[in-house]
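Down below is the structure, laid out as C-alpha cells.
For clarity, every value in this text was computed on a predicted model and none was experimentally measured. As a basis for the values below, the full set of heavy atoms in this structure was taken, side chains included, without hydrogen atoms, waters or symmetry mates. We're numbering straight along the sequence, starting at 1.
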Amino acid sequence: MPTSRRSRLHSLSFASALRENFKEGYSHRDLMGDLMAGVTVGIIAIPLAMALAIASGVRPEYGLYTAIIAGFLIALSGGSRYSISGPTAAFVVILYPVTQQFGLAGLLVATLMAGVILVALAIARLGRLIEYIPESVTLGFTSGIAIVIVVLQMRDFFGLPMSVDPESFMHRIALLFGALPELDIANTLVALSTLLVLIFWPRLKLPVPGHLPALLIGTGLAWLFVVNGLDVATIGTRFSYTLADGTTGQGIPPILPSFQWPWLQPGPDGMPLQWSWSTIQALLPAAFSIAMLGAIESLLCAVVLDGMSGRRHHANGELLGQGFGNLVAPFFGGITATAAIARSATNYKAGARSPISGMIHALVVLAGLLILAPILSWLPMASMAALLVMVAWNMSEAHKVVHLLKKAPAGDVLVLLTCLFLTVLFDMVLAISAGIVMASLLFMRDLAGMTRFTDISSQRKHVPVELPEGWVVLKVSGPLFFAAAERVFDEMAETVRDKRGVVLYMDGVPLLDAGGLNGFDRFSRYCEKQEIRLMIADLQFQPLRAMARAGVKPTPNCQFTATLEEAVGIICTSFSGESVQVRAI
C-alpha cells in the first residue's frame, strides 16, 4: 500500500492515540502517572459535570453520565493522548435553548445527530478545519459564550426569585436588574465565598485543586446558614428522584446509567419525543451547531496539549473519537461531550502519560456517583453557580482579548467584536459564520491590495537595454484572483493605451484563478483591438497550468516566452531592425 494512502488510513484509525502509546511502550510507572492524573481530574470533573448539566437545563446526574460514558469512550477511541472529555461550558448556550424547547429527549437526539456529523467530518478528513478559523473569531465567540454563562448563573449566584426563564439575553438582563433588590444574602455570601477561594487558592501553590476546598467552604457556610434558619438552595432541595422500585430521594440517584432509547426520554411536556420531519428539521441546526463547536473545541484542546507536551495529536482520529462518544452516550442519558481544555491541561500537569488517564477519570466519576451521591446533594446551587462563573472567566481568555484589542489590526478587532456581540445577542453559529465570512473578506481585501504592477522599462537590473519606442515592460506582483484581477488589468489598460507593445513580466504572480483568466482575456482583447502587441514572460507553474486548462494559446498579437530576457531580445530584434544581445544584470 502506498505510504500516502497508509498515512491517510492511519489518520482515521480507531483509538489512534492509545495504540500509539502502547506501540511506544507502556510501563508500570506510566500506569501510576495515569492513575494519579485520572483521580485528580476525576475529582474536579464531578462537581463541574453536575453544574454544567444544570446550566444546560437538565438534571445534574446527566452531566455525570456524560463524563462517565462519553469521557471513557472518547479517551479510548480518540486521537489525543491527554484530552479529558465531558460536558463543557461552551455548549451551555446551545444546549439550554434545545432543552427548553424539546426537553431531555430532544437534547439527546440532537447529540446523537451531532455524533453522526462528527464521524462524517472524520471520514471526510476535515480534522484540520481548526486551522481555517482565525483567532479573532475563536476569541470572539468564546468570550461571548462566557458572558452568556455568567448571566445564566446570576439567578442562583444571588438567590434571585425569578419566576420566568426568558430565552432572550436582553430580556434576561432586564429581569435580573429588576430582581436585584430581592437578592438573598445567604446564597450571595455562599457564592462569594466559593468564588473568592477559587480566585485566591492558586496563589497558595498547593497540589490540591481549588475546586475541592472552594466547594467545601461554600457547603460548610451553607450548612451554618441552614442551622440558623436561613434558606440556602442545594442540589438536594432543587432536585429529587424516584427509582423504578418506587424509592424516592433528594439530589441524584446513586445508580448506574441504564440503556434507554434517547427519543423515549421525557420531552418538553414530560412525554416521549414525537418523531416527525418537522422535529428533525428543527433539531438539525442545533445538531450542526453542536458538531461544529465540538470539533472546534476538541481540536483546539488537542493543539493546546500538543504545545504543552511536544506531542502530535491525530486530528481525524480525535474527531472520530468525539463522534463515537456522542453517538453512544445519549443511549445512557449522556448529553453532549467534547474535550475540556482546563480539565485536559490539569490532566497533563498531574502526570498523565496516555489516554488511560481519561478512562480512569471516567471511573472516578462513576465511583463518585455510586458512593458520594448523598453527600453531593448538599452542594449549594450558589457554589455551583460560582464554579461556573470561574469556568466562564477562564474560558474567556480575557488577557488575549485585551491584547488583541490593543495590538491587532482594525479588521481583526472588528471581527472579534462582531462575533462577541452576535454570540451574546443572537446565536453562536451565526456569530462563527459571520466572523469567518468577515475575516475572509477582510483577508481577500488585504491580499487584493498587495497585487499591483510596476513599470520597469527603465530599470536596467531587469531590462538592460533601451527598448524600441512605444514598448513598455510591466512587472505584475501578487495573486491575480477575482478580488484583484479586474482592478489590475483595468489599470494596465489605461497605462498602455498609447503604446505599441507591452511585456507582462509575471514571475511574481503565484496564482491565477477564473477571475484572473477573465481579466486577462479582456486585457488581451483590448490590446488586440488597440493594435498593441502583447508578450507574457516568465509564468509560474500554477498560472501556466490555469491558462493551459482554459485553452489560452499564442496568437499573432500575443506571445509567450519563458524568460523576460527572451522577451526583450525578441522585441529588440523584431522592432528595432537589428539584433541585440540581451543579458540580464
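In this structure, CG in L104 is found 7.5 Å from OG1 in T99, a value given to the nearest 0.5 Å. For the atom pair CG of L118 and CG of L126, the computed distance is 11.0 Å after rounding to the nearest 0.5 Å. From I432, atom CD1 reaches atom CD1 of I133 across 6.5 Å, with rounding to the nearest 0.5 Å.
No side-chain heavy atom of V92 sits less than 4.5 Å from a side-chain heavy atom of V148. Proximity of I68 to F332: side-chain heavy atoms (C-beta onward) are nowhere separated by under 4.5 Å. Between L293 and T338, every side-chain heavy-atom pair lies at or beyond the 4.5 Å cut-off. Side-chain contact check for L319 versus S298: some heavy-atom pair is nearer than 4.5 Å. Using a 4.5 Å cut-off on side-chain heavy atoms (C-beta onward), V391 and I149 make no contact. A heavy-atom distance below 4.5 Å is not found between the side chains of N187 and D156. Residues L320 and V119 meet the side-chain proximity criterion, which asks for heavy atoms closer than 4.5 Å. Between E318 and S83, the closest side-chain pair of non-hydrogen atoms falls below 4.5 Å.
Residue pairs meeting the side-chain hydrogen bond (donor to acceptor under 3.5 Å, both in side chains) criterion with at least one partner in residues 105-115, sequence neighbours excluded, are T111-T336. Within the structure, the side-chain hydrogen bond (donor to acceptor under 3.5 Å, both in side chains) test picks out the following pairs touching residues 193-222 (sequence neighbours left out): T194-S383. Residue pairs that meet the side-chain hydrogen bond (donor to acceptor under 3.5 Å, both in side chains) test with at least one member in residues 34-55, sequence neighbours left out, are Y26-D34, D34-S354. Pairs engaging residues 355-381 under the side-chain hydrogen bond (donor to acceptor under 3.5 Å, both in side chains) rule: N347-S357 [sequence neighbours left out].
Here F91 pairs with nothing under the ring-ring contact (aromatic ring centres under 6.0 Å, His included) rule; sequence neighbours left out. Checked against ring-ring contact (aromatic ring centres under 6.0 Å, His included), F102 has no partners two or more places apart in sequence or in another chain. By the side-chain hydrogen bond (donor to acceptor under 3.5 Å, both in side chains) test, T279 pairs with S276, sequence neighbours left out. In this structure W223 satisfies the ring-ring contact (aromatic ring centres under 6.0 Å, His included) test with no other residue, sequence neighbours excluded. For Y348, the ring-ring contact (aromatic ring centres under 6.0 Å, His included) test picks out Y82, with sequence neighbours left out. Remark: A51 engages M384, L388 in a side chain to side chain contact (heavy atoms under 4.5 Å, CB included) (not counting sequence neighbours). In this structure, D184 has no salt bridge (charged side-chain N to carboxylate O under 4.0 Å, His left out) partners at least two apart in sequence or on a different chain. Here T248 pairs with nothing under the side-chain hydrogen bond (donor to acceptor under 3.5 Å, both in side chains) rule; sequence neighbours left out.
Of the possible polar contacts, none joining the S77 side chain to the F14 backbone as a donor-acceptor pair under 3.5 Å is found. In this structure, the side chain of R238 does not engage the main chain of P380 through any donor-acceptor pair within 3.5 Å. Side-chain N or O atoms of R59 include none that pairs as donor or acceptor with a backbone N or O of A53 at under 3.5 Å. In terms of modelled atom types and a separation under 3.5 Å, the side chain of T237 and the main chain of T234 share a donor-acceptor contact.
Environment of CZ in F259: crowded, with over 12 heavy atoms of neighbouring residues, nucleotides or ligands closer than 6.0 Å. Shown here is M271, whose CE atom has no more than 12 heavy atoms of other residues, nucleotides or ligands within 6.0 Å. Environment of CH2 in W393: sparse, with no more than 12 heavy atoms of neighbouring residues, nucleotides or ligands closer than 6.0 Å. No more than 12 heavy atoms of other residues, nucleotides or ligands sit less than 6.0 Å from atom NE2 of H28.
A side-chain contact (heavy atoms from CB on, under 4.5 Å) with L35 holds for exactly one of I360, D30, V364; it is I360.
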Could you give me the CA-CA distance, side-chain angles and deciding distance for I356 and F22, then say whether side-chain contact (heavy atoms from CB on, under 4.5 Å) is met? CA-CA 11 Å; I356 291 177; F22 285 149; 3.8 Å; yes
